[in-house]
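Questions regarding the structure given below will be posed in turn.
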Amino acid sequence: MTTELPAKYDPATLEPAVTARWLQNKAFAATTDRRDNRYVVMMPLPNVTGALHMGHAMDNVMQDLLIRWHRMQGDNTLWQAGTDHAGIATQAVVEKRLKEIENKTRHDVGRDGLVQRIQDWAATSQKRIVGQQQGMGCSCDWDRARFTMDAVCARAVRHTFFKMFADGLIFRGDRLVNWDCHLQTAVADDELYKATVQGKFHYLRYPVIGPQAGEPTHVVVATTRPETMLGDTAVAVHPDPATAMAEAIAAQQQKLQQATAKERAEAETELERLRARERDLLPALVQIAAMAKAGRKVRLPLVDREIPIIADTWADPTLGTGCVKITPAHDPNDYAVWQRHPHIGVRNVLAADGSINDNGGRYRGQDRFAARKAVMADLQALGLVEKVEDREIEIDHSDRSKTIVEPWLSKQWFVRMADVPGGVTMGKGTAREFRAAGLAQAALDASAGRLPAPRKQVAFHPDPERYRKMYDQWLAEKRDWCISRQLWWGHRIPVWRGSMPTQKLLMLQPMLGSQLQRDDVCAWILLPDGSRLRPADAFATLAAPNAPAEIEVQICFRDETADQNVGPILQGAGLQLDPDVLDTWFSSALWPHSTLGWPDPATARVNDAQPVLGAHAAGPDALSFWYPGSCLVTGRDIITLWVARMVITGLYNLGDVPFTDVFLHATILDGRGERMSKSKGNGIDPLDIIARYGADALRYVVCELQTGTQDIRLPVQAISPFTNAGEPEKLIDLATAKPGPYLGTFLDPETKQPMDLVGQYGKEGITPAKATSERFTVGANFCNKVFNAARFAFLNLEGSAFVPLRPADLRLEDRWILSRLQAAIASVHGSLQAYNPSAAIGTARDFFWNELCDWYLEMIKPRFRAEAAAASTAAARQVLAAVLDQTLRLLHPFVPFLTETLWSKLRELAPVRGLASAFADSEMIVHANWPQADAAWSDRDAERQVATMQAWCVAIREARARYQVAPKDRVPCRIAAEGATAATLQAASELLAHMAGLAAVEIGPNAQRTPDSATVVVGDAKAFLLGVVDLTKERQKLQQQAEKLQAQIGGIEQKLGNPGFVAKAPPAVVAQQQQNLEQLRQQLAGIRQSLQELGG
RNA sequence: ACGCCCGUAGCUCAGUUGGUUAGAGCGCCUCCCUUACAAGGAGGAUGUCGGGGGUUCGAAUCCCUCCGGGCGUACCA
């Protein structure tokens, strides 16, 4: 079969053909074997919520780059693909559509109905995502793709939960959580964003009960959420307001003294404010503090409850009214106050949907915002509102529903991250078992390299210190991880629980006793005082005379089947399966080992078409072979959410880290520096870029963008939908375009019509438009150049043969390009090792374009002419084939489609390629060996000679351009040179003549100019281009050059004249300067001489 | 408020431990459809390296400070 290359580079036809070939041949398949060197990348699993965007493109391309690079190096590579069920995000999207399209809520369709709909949605998304990834050239082993809700992953989730539950690391407790009233679920801190809203500051007066003479009749508190007063259980005042105030004033005075002129005014105002408070407010606060000590109370209006005045330092006399209402169930700080003063109690006044609950008296059933108004109106009527101020307030919003979240006291499941008395056994039952102080501490030890050997450190790239700090800071808090979500989409929490009379439990003991001893069952008995007992201990305790009458039972089975088998019995006993599901990150945290079949690869229930995870004839099981893995590639926003948790669960389940390297790539921003997002309409679909520029172009540019730790600006343009047929396409820069009527719409500056970049405003009659970025043309141009350079090579490679070559057999340009090739290979490899894709592709590009195309291909053209000597042609062919071979390999991880296509053609025309010996061949370049820099082909002499020739060539071309010599005209040239320069030019004279468009070249110490010659000066020699000159212009040019040189010489003379420099700078630097000075002086002398000859 | 990062050509970014005249790509200007490539070739112009101060023989690079931007954490009664 011969490969037919089209005349023009066309990624749209070339790329799908390559994809098909790779997939048909299962080119990316990973199989365990006996190789020692492995390279494992676990894909940061995309959500099935929607499609991929440019951020994913960056992430996927970086992984593919590393994977292809390692695969070519001969590593047994596994790139684990898959998707994440993304509980809350996906359920939110599907619920929203349900409402929009069918006007139904989840309760209308029921739990099973909703899950079914989400599954359908997920299946569609998965198809789209895989299509996008394959379009980008991702070389994952697709047959091994997993989903966090599939049987293999679900079993790992279940086993991990069971293990943690049995170890006492998972517990259920009352905590203040961020409650999303719209989605009716708890959300994690990471799922929040701050938004500023217009709000009010309400000053409320709580009547003092039985005020004594001279005491204030009311305590005034301020709040932004007056409806929460229904749940107040105390009013707090600072225990010693006078001292606190005095300290604040002293601190402010100190600050004023150190203040710069600019800060002064502000500091003075603040001091003034504090002094005014001290004068006007403090006396009352002192009194109230005394009342607090005396155990006095206020009457909570509207609900008519007596609540105590308490003394707590949380109340700051310099802020607000100096007194604070305490609502433990609805404010984190107040919650903390309650922890310090348990006797005040707690009252939750919100229902799950954000309405006021039974505790809110007559406001019950009102939405919290309606209740806010009602409460204020009623207080107003009672004369209990001191004042109301307008104020901008920053409030936490749920990222999923975009609604305001409420701090809410509720029962949730947690994983204990803090240290545990006696420590935690990590990797229990494995060969890697060890003890850690706690889960978070184990992950901290991993980043610090403190894990017991042979476990490796988890290191961050490309800025180890900076990112480790982020990771460590978050883990150091060791905050308990809230893992329950009140959703229907996700892994259900596998715990049967319920409360029952102690007597009933004791009656069940004979029946349950032995069952509860099994090691695949774990039960806890919870006593009313919060303590938790193993069944064996509990039965003893509960049999005692003063045992509590009612207890709670929690039972977890390790295997899912038990839920079906034993469930009815438990239900009969009054236990229910917990309705909540697990936080999505719980299952993603297991990804690096759940996908490999943990806890038991041999029995992992993979799909029929998938490779087995257990051991097979050719190799060991997937888990022992590929765990621990190699590199995790992701964005820094996910370090805490995911990276840290993977390390924790990996250590906990397997006793070792999931990966040793974490490569954190840049975030992609738009032209304004804002994060790309679908809803803002500034996002780009990779498939749109692929359709327009090709996947290789996308990859090239993405690699080029990844320079280091900096985020990347990618200016986004809309393709104008208002272009008439036949007109050229118009692009509208979204960084400057004015926003349209809705979020994600923009106005076309020409027609002033709105365009919809989100694709959601069809009903509103807004024309949809696609987003693109012109930045990708660079990549397309590069690919086009590669394609054409290869085409040129192919035109001349017919009949190429291999013979062992030695440097001495080769001409200067051959030795030069081979030497440059070695340098390029070494440099690209080094840049990839340093996680610097931009530097890597930059070097590859410079070599390919600026050296191979611009010089070598041009230099060898004469050798392919009919009249050239056969030996010279053959050598050129062989070197060209070898260089192209190595260059394609070097470029393959960056632009895989193009290189794969060209590879086939190269193999046909030059079946054996090599230099001293033949290169190892491979049918597809995806499996070819990565090039290795061979020092034998480094040739400093050739590099120096060609560099000299190039310098002359450029100088001559510049002169030609200046004198407007037609490109085709071949100009006679005389060069006045001596010694080494003359020798070099003599050796390269043929090349120079060819490259600079010269006719006869004469080189000698006494070469003379003609009056009409242009003079070109390089270093210590001069060239005369005969018959091109205008004398006046020539004098001008030489004059300018002389001035420039004089300035440079002046600079160096000054430096050398500085005694400090000569005395203190390293001798080598001084010598270098002296040498430069000498050279520049020679040049200047040459120019002056020419000027003299011209009569200047 | 505290911590981390950044500010270099019109745009997007490089610039290793301080050391020749600060670079690249895109864009711009001039010339060229030269037998791989006009998605190309040859040549050219463009910077008080955010401002100020300091250390040093020498600063884009180190220190201080101010201004501007981003991220993280906290706080907001």
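Residue numbers start from 1 in every chain, and the chains themselves are labelled A, B, ... in the order their sequence lines are given, proteins ahead of strands.
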Could you work out the separation of G7(B) and C13(B) based on their P atoms and round it to a whole Å?
->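 Per the computed distance, 10 Å lies between those P atoms.
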Quote, to the nearest angstrom, the P distance that separates U21(B) from C26(B).
->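 28 Å, rounded to whole Å.
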Side chain Arg277(A), main chain Pro317(A), donor-acceptor under 3.5 Å =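 Checked: pair present.
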Base-pairing mate for A24(B) - Watson-Crick or G-U, with both contacts under 3.5 Å |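 U12(B) - that is the nucleotide pairing with A24(B), both distances being under 3.5 Å.
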Residue met sooner reading RNA chain B from 5', once Gly320(A) and Leu669(A) are mapped to nucleotides =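 Taking each residue's closest nucleotide, the earlier one in sequence belongs to Leu669(A).
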Look at the side chain of Lys861(A) and decide which nucleotide, out of G43(B), A38(B), A36(B), has an atom nearest to it.
->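 Looking only at heavy atoms from C-beta outward on Lys861(A), the closest nucleotide is A36(B).
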For Phe787(A), which contact category applies under a 4.0 Å heavy-atom criterion: base, sugar-phosphate, or nothing?
->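 The residue Phe787(A) makes no contact with any strand.
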Pick base, sugar-phosphate or nothing for Thr224(A), based on heavy-atom distances below 4.0 Å to the nucleic acid.
->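 The residue Thr224(A) makes sugar-phosphate contact but no base contact.
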Paired with A42(B) by Watson-Crick or G-U wobble geometry, both distances under 3.5 Å: which nucleotide is it?
->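 WC or wobble partner is U30(B).
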Phe782(A) and Trp849(A) aromatic ring geometry - parallel, tilted or perpendicular at 30°/60° bounds |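 Correct class here is tilted.
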Say you pick atom P in A9(B) and the same atom in A22(B); how far apart are they, in whole Å?
->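 My reading of the P atoms in A9(B) and A22(B) gives 14 Å.
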Would you check if the distance from the ring center of Phe787(A) to the ring center of Tyr9(A) is below 6.0 Å?
->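 When the ring centroids of Phe787(A) and Tyr9(A) are compared, they turn out to be within the sub-6.0 Å range.
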Nearest to the side chain of Asn333(A) - C75(B), C13(B), A39(B)?
->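 The closest nucleotide is C75(B).
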Donor-acceptor pair present, Lys785(A) side chain and C37(B) base, under 3.5 Å |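 Answer is yes: a donor-acceptor pair is held.
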C1' spacing across the pair G70(B) / G27(B), given as an integer number of angstrom |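 The answer is 27 Å between these two C1' atoms.
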Considering only atom C1', compute the distance from G47(B) to C62(B) and round it to an integer number of Å.
->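 Per the computed distance, 23 Å lies between those C1' atoms.
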Base partner of G19(B), which must satisfy Watson-Crick or wobble distances under 3.5 Å =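 In the structure as shown, G19(B) has C57(B) as its Watson-Crick or wobble partner.
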Return a table of donor-acceptor pairs under 3.5 angstrom between the side chains of residues 319-332 of chain A and protein atoms on other chains or two or more places apart.
| from | atom 1 | to | atom 2 | distance (Å) |
| --- | --- | --- | --- | --- |
| Thr321(A) | OG1 | Val220(A) | O | 2.5 |
| Thr321(A) | OG1 | Cys323(A) | N | 3.2 |
| Thr321(A) | OG1 | Cys323(A) | O | 3.1 |
| Lys325(A) | NZ | Thr228(A) | OG1 | 2.6 |
| Lys325(A) | NZ | Asp232(A) | OD1 | 3.1 |
| Lys325(A) | NZ | Thr327(A) | OG1 | 3.0 |
| Thr327(A) | OG1 | Asp232(A) | OD1 | 2.6 |
| His330(A) | ND1 | Pro407(A) | O | 3.3 |
| His330(A) | NE2 | Asn348(A) | OD1 | 3.2 |
| His330(A) | NE2 | Val349(A) | N | 3.0 |
| Asp331(A) | OD1 | Asn333(A) | N | 2.8 |
| Asp331(A) | OD1 | Asp334(A) | N | 3.0 |

Considering only side-chain heavy atoms of Arg479(A), which listed nucleotide, A74(B), C37(B), G41(B), is closest?
->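 Selected nucleotide (nearest to the side chain): A74(B).
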Got Leu705(A) and Ser838(A) here, is their nearest side-chain heavy-atom distance under 4.5 Å?
->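 No, side chains not in contact.
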Distance between P atoms of A59(B) and G18(B) (Å, rounded) =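 The answer is 13 Å between these two P atoms.
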Which comes earlier along RNA chain B counting from the 5' end, the contact point of Pro715(A) or that of Cys953(A), where each point is its nearest nucleotide?
->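 Nearest nucleotide further toward 5': that of Pro715(A).
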Would a distance-only check, ignoring hydrogens and angles, find a side-chain to backbone donor-acceptor pair under 3.5 Å from Arg957(A) to Ala996(A)?
->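 No; zero donor-acceptor contacts below 3.5 Å.
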For C37(B), which nucleotide is its Watson-Crick or G-U wobble mate, given both distances must be under 3.5 Å?
->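 Partner of C37(B): none.
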What integer number of Å spans the C1' atoms of U61(B) and G72(B)?
->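 Rounded to whole Å, the distance is 27 Å.
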Indicate yes or no: does Arg1081(A) engage Glu1053(A) in a salt bridge with an N to O separation below 4.0 Å.
->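 The answer is yes: the pair qualifies as a salt bridge.
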G43(B), U73(B), A36(B): which one has an atom nearest the side-chain heavy atoms of Val954(A)?
->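 Within the option list, the nearest is G43(B).
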Would you kindly give the CG-to-C1' distance between Asp396(A) and C75(B), to the nearest whole Å?
->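 Going from Asp396(A) (CG) to C75(B) (C1'), I get 11 Å.
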Partner nucleotide, any strand, of C71(B) [Watson-Crick/G-U, under 3.5 Å] =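 Answer to the pairing question: G3(B), which forms a Watson-Crick or G-U pair with C71(B).
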Select base, sugar-phosphate, or nothing to describe what Cys783(A) touches, counting heavy atoms under 4.0 Å on all strands.
->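 If one applies the 4.0 Å heavy-atom cut-off, Cys783(A) turns out to touch nothing in the nucleic acid.
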Sugar-phosphate only, base, or nothing, as touched by Leu714(A) at under 4.0 Å among non-hydrogen atoms =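 The residue Leu714(A) makes no contact with any strand.
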Kindly point out which of A36(B), C13(B), G43(B) is positioned nearest to the side chain of Arg713(A)?
->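 The closest nucleotide is C13(B).
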Report, as a single string ordered 5' to 3', how protein heavy atoms within less than 4.0 Å touch nucleotides 18-33 of chain B: B base, S sugar-phosphate only, - not at all.
-> -BBB---S--------
C1' atoms of A24(B) and C66(B), separation to the nearest Å =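 Per the computed distance, 32 Å lies between those C1' atoms.
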Lys8(A) side chain: which of G43(B), U12(B), A38(B) is closest?
->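 Selected nucleotide (nearest to the side chain): A38(B).
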Under 3.5 Å donor-acceptor, His202(A) side chain and Thr223(A) backbone =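 Side chain of His202(A) to backbone of Thr223(A): a pair is present.
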Is Phe460(A) close to Arg636(A) at the side-chain level, that is, under 4.5 Å between some pair of heavy atoms?
->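 Result no, sub-4.5 Å side-chain heavy-atom pair not found.
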Heavy atoms under 4.0 Å, any strand shown: does Leu795(A) hit a base, just sugar-phosphate, or nothing?
->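 Contact class for Leu795(A): sugar-phosphate only.
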Counting any heavy atom closer than 4.0 Å, what does Gln706(A) reach on the DNA or RNA strands: base, sugar-phosphate only, or nothing?
->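 The residue Gln706(A) makes no contact with any strand.
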Between P of A36(B) and CG of Leu902(A), the distance in whole Å =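 Whole-Å distance recorded here is 17 Å.
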Does Glu704(A) pair with Arg845(A) as a salt bridge, N-O distance under 4.0 Å?
->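 No.
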Closest to the Thr707(A) side chain, choosing from A14(B), C71(B), A36(B) |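 Nearest nucleotide to the side chain: A14(B).
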Options A42(B), U73(B), A36(B), nucleotide nearest the side-chain atoms of Asp854(A) =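 For the Asp854(A) side chain, the nearest candidate turns out to be A42(B).
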